Amino acid sequence: AQSVSQHNHHVILSEAASLELGCNYSYGGTVNLFWYVQYPGQHLQLLLKYFSGDPLVKGIKGFEAEFIKSKFSFNLRKPSVQWSDTAEYFCAVLPYNFNKFYFGSGTKLNVKP
Amino acid sequence: DAGVTQSPTHLIKTRGQHVTLRCSPISGHKSVSWYQQVLGQGPQFIFQYYEKEERGRGNFPDRFSARQFPNYSSELNVNALLLGDSALYLCASSLPSGGALVGQETQYFGPGTRLLVL
């Protein structure tokens with residue numbers, strides 16, 4: 001079965017610290033990759049996505065993610081987090097020609113002011 | 001502009017009953033997807049509909065069904081409810097991409113319907 005793994009369930013950082021959230025998937029073929037974010041009291045929203053081309057993808061609010069095909073990974077990064085980045089982050093994978101969308105279990109990020 | 005709306009916001013049912021959840025997409029969006037999110041887990045894909053046709057289906061039993069109406073709103077139906085069906089049910093809408101793959105378009109999520117089965 002296809003799976004998406006987010007290794008960190010809960011991350012606590014101080015403001016200005018750097019962030020890296022891990023995401024690995026098990027599908028061996030071509031994939032489309034996404035990071036979604038859910039801020040407290042808000043709906044899920046798209047942070048960034050990768051379909052093809054440059055494996056380093058930039059998203060909103062200074063976030064970026066790097067697709068490493070050989071490692072089946074799509075890690076999310078931000079050089080300097082802010083208190084307003086406190087949220088839950090979900091990685092999602094769409095295996096090509098599969099027509100099914102797979103989410104990871106999420107990582108709760110708590111940024112201390 | 002109004003976002004994706006879902007009704008009801010909360011629902012309590014008993015085992016064996018049937019439930020219907022409703023979703024209205026963002027104006028102009030023709031695709032609707034449904035997800036189940038159990039507490040502590042990520043959303044699990046149930047269905048996607050585009051132009052009233054099922055375009056993708058997740059690994060859910062036949063007790064789960066959905067349909068899309070001419071105005072692009074959608075209903076998710078669950079029959080013979082089980083305790084394990086207790087979850088947040090999310091709806092997402094997206095613009096048509098013209099492509100064949102589920103989820104290539106950016107999906108805009110609604111607030112969800114929280115279902116509790118007793």
Side-chain angles (χ1 to χ4, degrees), chain A residues 1-10 21-27 29-53 57 59-60 74 76 87-109, chain B residues 1-7 9 23-26 29 31-50 53-60 64 66 87-95 97-114:
Chain A
Q2 314 308 324
S3 69
V4 181
S5 299
Q6 293 185 241
H7 317 294
N8 310 103
H9 297 294
H10 199 176
L21 301 182
C23 173
N24 287 88
Y25 60 92
S26 65
Y27 186 72
T30 303
V31 293
N32 298 316
L33 299 159
F34 307 79
W35 276 97
Y36 276 83
V37 60
Q38 187 166 25
Y39 297 102
Q42 296 187 26
H43 311 163
L44 272 170
Q45 58 184 280
L46 182 71
L47 201 54
L48 49 80
K49 60 187 177 184
Y50 171 80
F51 287 172
S52 62
V57 179
I60 60 172
F74 189 55
L76 181 71
E88 189 159 16
Y89 294 81
F90 293 92
C91 178
V93 176
L94 173 63
Y96 216 73
N97 288 333
F98 221 66
N99 271 10
K100 290 181 186 179
F101 210 98
Y102 297 92
F103 275 87
S105 57
T107 298
K108 289 183 180 175
L109 172 65
Chain B
D1 283 342
V4 176
T5 59
Q6 293 185 244
S7 63
T9 55
C23 172
S24 292
I26 291 172
H29 287 194
S31 183
V32 169
S33 299
W34 286 96
Y35 295 83
Q36 181 196 65
Q37 187 174 17
V38 173
L39 201 60
Q41 296 182 20
Q44 283 199 67
F45 174 71
I46 309 176
F47 290 111
Q48 189 184 51
Y49 276 77
Y50 173 63
E53 297 285 328
E54 183 183 298
R55 197 162 78 158
R57 171 184 278 261
N59 296 327
F60 280 80
F64 289 76
L88 180 68
Y89 288 85
L90 296 168
C91 173
S93 75
S94 53
L95 283 167
S97 69
L101 294 182
V102 167
Q104 272 200 332
E105 333 66 37
T106 297
Q107 296 195 47
Y108 296 85
F109 283 83
T113 292
R114 191 163 293 282

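As a basis for the values below, the full set of heavy atoms in this structure was taken, side chains included, without hydrogen atoms, waters or symmetry mates. Keep in mind that what you see is a predicted model, and the values were worked out from it rather than measured. So that the names make sense, note that chain A is the first sequence line, chain B the second, and so on, each numbered from 1.
Here A:His43 is the residue among A:Glu88, A:Gln45, A:His43, A:Gln6 with the most heavy-atom pairs under 4.5 Å with chain B. Among B:Tyr108, B:Phe47, B:Phe109, the residue making the largest number of heavy-atom pairs under 4.5 Å with chain A is B:Phe109.
Smallest separation of non-hydrogen atoms from A:Lys100 and B:Arg57: CE-O, 2.9 Å.
Under the side-chain hydrogen bond (donor to acceptor under 3.5 Å, both in side chains) criterion, A:His7 pairs with A:Asn24, not counting sequence neighbours.
Residue contact with chain A, scored on non-hydrogen atoms closer than 4.5 Å, is absent for B:Gln44.
Between the CD atom in B:Gln107 and the CZ atom in A:Phe101 there is a gap of 5.0 Å [rounded to 0.5 Å].
No more than 12 heavy atoms of other residues, nucleotides or ligands shown are found within 6.0 angstrom of CG on B:Leu39.
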